[in-house]
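What follows is a single structure, written as structure tokens, with notes after it.
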Amino acid sequence: MIVLKTSRELELMREAGRISHLALMAGVKAVQPGNTTMDVERAVRQTIAALGGKPAFLGYGGFPAAACVSVNEEVIHGIPSKRRRIQEGDIVSIDTGAIYKGFYGDNAFTVAAGATSDRCRELLEVTQKCLELAIQAAQPGNRLGDIGSAVEQYARSHGFGVVKEYVGHGIGSQMHQEPEVPNYGKAGHGQRLRPGMTLAIEPMINLRGDDVVKDSRDGWTIRTATGTPSAHFENTVAITENGPVILTRP
Ligand code: MG
């Protein structure tokens, strides 16, 4: 069932989104050559605590951190580590969320550590643009397929792969609610978007190929099957009468 949110609930989600955004930006600042992925985790976790939120990811399904930190060919769900040192040219995806008074925010951003390759820079620009196009498609009266189609078409027009096994989601008083929000689909098809819906829209785009594999040792990290880099951008978005409103971008 898709839960529509009241204006009071949207206010709480806006605060959860604000905390999530500031935590994400603190993590982005910690992406420096020589830092570890645990330095990113620390920055995220401290920011959420300082703003009166609770980390949404810590303990979720047993996940051991407040942020997922995924480097290069890691797509999502990378576990922060004191042993993983960030190198010049790496691209680092950070995904984090906060809970405020029982409501959730969820967002992600990919950033290069120092100077990276032209191809990686293009991957970041295209994936960020995929998110923008997806949000523009999240108009009341449109359908879920309009969001997925916007992402897929733009990514493919640049020759990039689209992750299909992992998708965006409804969000609210739980981190994952209905509906699923795939990064592919047919325009004009699927669930109709209505005011009061809140969606975590999150394109995951690979330099090459759609396929991904899960790390069998840690049980979490998702990597591209080809070993080529991947990028991930995410916002929590409310569908309103007046169009989409980004809750994780104050
Ligand atoms: Mg999400």
Side-chain angles (χ1 to χ4, degrees), residues 2-3 5 12-14 16-25 27-28 40-41 44-45 48 53-70 74-80 92-100 102-111 127-128 130-135 137-138 144 147-148 150-151 155 162-185 191 193 197-206 212 214 220-222 230-239 244-249:
I2 295 177
V3 183
K5 279 76 178 182
L12 297 176
M13 288 191 70
R14 198 186 282 277
R18 189 181 77 90
I19 296 168
S20 301
H21 168 79
L22 292 171
L24 182 62
M25 290 304 113
V28 165
V40 175
E41 161 72 10
V44 166
R45 205 189 283 208
I48 294 172
K54 279 190 273 182
F57 292 13
L58 185 63
Y60 188 93
F63 192 76
C68 301
V69 187
S70 309
E74 296 169 357
V75 181
I76 48 170
H77 301 169
I79 300 173
V92 180
S93 300
I94 305 168
D95 190 351
T96 192
I99 312 168
Y100 180 76
F103 283 84
Y104 284 72
D106 187 3
N107 59 7
F109 196 92
T110 306
V111 61
T127 309
Q128 191 160 25
C130 282
L131 175 57
E132 278 174 38
L133 293 170
I135 292 169
L144 269 179
I147 294 176
V151 172
V162 176
V163 174
K164 293 186 159 169
E165 283 179 57
Y166 295 87
V167 296
H169 48 93
I171 180 169
S173 56
Q174 297 141 314
M175 187 152 67
H176 294 110
Q177 296 183 327
E178 290 181 37
E180 291 195 341
V181 184
N183 293 305
Y184 58 92
Q191 180 82 43
L193 305 176
M197 282 183 173
T198 44
L199 305 175
I201 302 178
E202 48 181 319
M204 299 160 221
I205 305 299
N206 301 337
V212 295
K214 186 191 275 186
W220 281 104
T221 312
I222 306 300
S230 184
H232 179 210
F233 287 82
E234 178 181 27
N235 275 134
T236 298
V237 176
I239 317 291
V245 172
I246 301 172
L247 301 175
T248 44
R249 198 187 284 166

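Sequential numbering from 1 along the given sequence is applied to the chain's residues. Computed over heavy atoms, backbone and side chain alike; hydrogens, waters and symmetry mates excluded. Note that ligands are numbered from 1 as they come in the structure, with each ligand's atoms numbered from 1 the same way.
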Between the side chains of His232 and Tyr166, is a donor N or O closer than 3.5 angstrom to an acceptor N or O?
no

OG on Ser70 to CD1 on Ile79, rounded to 0.5 Å
9.5 Å

Could you check whether any side-chain N or O of Glu41 sits under 3.5 Å from a backbone N or O of Ala66, counting only pairs where one atom can act as donor and the other as acceptor?
yes

Which atom name does Asp106 have for its N/O/S atom nearest to the Mg ion (ligand 1)?
OD2

Could you confirm whether Asp95 has any N/O/S atom lying under 2.8 Å from the Mg ion (ligand 1)?
no

Would His169 count as a contact for the Mg ion (ligand 1), in the sense that one of its N, O or S atoms lies under 2.8 Å from it?
yes

Please check if the side chain of Thr198 supplies one atom and the backbone of Ile171 the other of a donor-acceptor pair under 3.5 Å.
yes

Between Thr236 and Asp106, do the side chains contain an N or O donor and an N or O acceptor separated by less than 3.5 Å?
no

Name of the Glu234 N, O or S atom nearest the Mg ion (ligand 1)?
OE2

Report the atom name of the nearest N/O/S atom of Glu202 relative to the Mg ion (ligand 1).
OE2

